[in-house]
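In each ligand, atom 1 is the first atom listed, and ligand 1 is the first ligand listed. Quick caveat: nothing in here was measured; it's all calculated off a predicted structure.
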Amino acid sequence: MAEIVVVESKQAAGELVALKIRGLIESRADTVLGLATGSTPLPVYAALAQSLRKNPMDVSRVRGFALDEYVGLPEGHPESYRTVITRDVVRPLGLTPTLICVPNGEIETLEHAGADYERAIEAAGGIDLQILGIGRTGHLGFNEPGSSFASLTRVKTLAPKSRADNARFFASPDEVPRHCITQGLGTIRRARHLVLLAFGAEKAAAIAAAVEGPVTASQPGSAIQLHEHVTVVLDPPAAAALANLDYYRYIWANKPAWQGI
Ligand code: F6R
């Protein structure tokens, strides 16, 4: 069962996950991180950046793989995930840019971009900790409902709901690309530790389906139930639809401090 942690705020969630990542890097300087974009992981990146400013450590060998990228955005587009990862993660954390990979969304090389990305992840020894958000459609990465649990990095078509949700980052809704290249659910499931975060009431239904619903391709988030090490970090509104919420809170309250997440 996934470990469900309900914290009071996004900041508290960010601090909890940042502490875990620090510990990983302390134990292995070339830790491989799976990096989500969107709004959800920002408190994690902010808390980690703050912690590194307060208490510096060598992160120059940390490697990273973004979850996904839009197809067909021109290089340097402010909302391409390459740009976002550079702005929100690489620079504030002081990571080495050449060690951070993002799927290649250029149309000319799309045919083999997924296989190239899979090879790069494998060559790095796999992902140690994968940070995840969840879409209102239940998507992980951009694996919309119906995605195979065995899927690897490939091109997908964004659901209209996901395009509408992401329109807030673009000048107009029409500018949101229709296609993306995303790590598959199979790729995500190979990461050694999944950390799924969600904040706000609009994520409550997707979280309940992912954690407690049937395991089904119609709810891509439910793929987490097939993984042996998953931590789900929620604020109270995102946790509100969980049937066994009291039990999850009880488990967390009684967890020995030495266990960590
Ligand atoms: C981001 C990603 C998506 C987002 C999801 C939630 O790389 O793959 O699955 O995590 O769409 O987006 P936010 O966090 O903006 O609510």
Side-chain angles (χ1 to χ4, degrees), residues 9-11 13-14 17 33-47 64-71 73 77-90 100-105 114 117 121 127 129-147 151-170 173 176-189 191 194-207 209-210 219-224 230-235 237-239:
S9 64
K10 294 179 189 183
Q11 285 74 11
V17 179
L33 298 175
L35 303 165
T37 45
S39 305
T40 305
L42 294 176
V44 175
Y45 303 138
F65 287 91
L67 259 180
D68 37 26
E69 175 59 291
Y70 292 113
V71 165
L73 288 183
H77 188 287
E79 292 311 326
S80 85
Y81 285 166
R82 163 61 74 188
T83 306
V84 169
I85 287 278
T86 303
R87 184 187 65 214
D88 294 343
V89 187
V90 176
I100 309 303
C101 302
V102 178
N104 186 348
Y117 206 61
I121 294 174
I127 291 170
L129 184 147
Q130 175 66 60
I131 300 167
L132 295 167
I134 193 164
R136 287 191 305 141
T137 61
H139 69 212
L140 294 183
F142 280 140
N143 295 281
E144 298 288 13
S147 297
S151 53
L152 301 179
T153 306
R154 72 221 181 287
V155 173
K156 289 291 287 181
T157 306
L158 278 168
K161 203 170 171 182
S162 303
R163 282 188 77 226
D165 282 348
N166 285 6
R168 69 191 193 278
F169 296 114
F170 290 80
V176 186
R178 286 190 162 70
H179 295 103
C180 58
I181 173 164
T182 180
Q183 286 188 33
L185 294 173
T187 319
I188 292 169
R189 286 176 53 205
L194 305 182
V195 178
L196 169 61
L197 299 110
F199 308 121
E202 65 277 14
K203 298 292 175 74
I207 283 295
Q219 286 292 342
S222 67
I224 64 169
V230 184
T231 310
V232 181
V233 186
L234 307 169
D235 68 359

Would you find more than 12 non-hydrogen atoms of other residues, nucleotides or ligands less than 6.0 Å from Arg178 atom CZ?
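No.
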Any side-chain heavy atom of Leu196 sitting closer than 4.5 Å to one from Ile207?
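The answer is yes; the side chains approach within 4.5 Å.
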Is there a side-chain contact between Lys156 and Asp68 in this structure, where contact means two heavy atoms from C-beta onward sitting under 4.5 Å apart?
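Not in contact.
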Identified side-chain contact (heavy atoms from CB on, under 4.5 Å) partner of Glu79 from the options Val176, Val84, Thr37
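Output: one option passes, namely Val84.
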In this structure, is the centre-to-centre distance between the rings of Phe170 and Tyr70 below 6.0 Å?
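Ring centroids of Tyr70 and Phe170 are less than 6.0 Å from each other.
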As a test of reading the model: which residues have a non-hydrogen atom less than 4.0 Å away from ligand 1?
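Those residues closer than 4.0 Å to ligand 1 by some heavy atom are Ala36, Thr37, Gly38, Ser39, Thr40, Leu67, Asp68, Gly133, Ile134, Gly135, His139, Gly141, Arg168, Lys203.
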Taking only residues two or more places apart in sequence, or in another chain, which ones meet Ser80 in a side-chain contact (heavy atoms from CB on, under 4.5 Å)?
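Checked Ser80 against side-chain contact (heavy atoms from CB on, under 4.5 Å); matches are Glu69, Leu73, His77, Arg82, Thr83.
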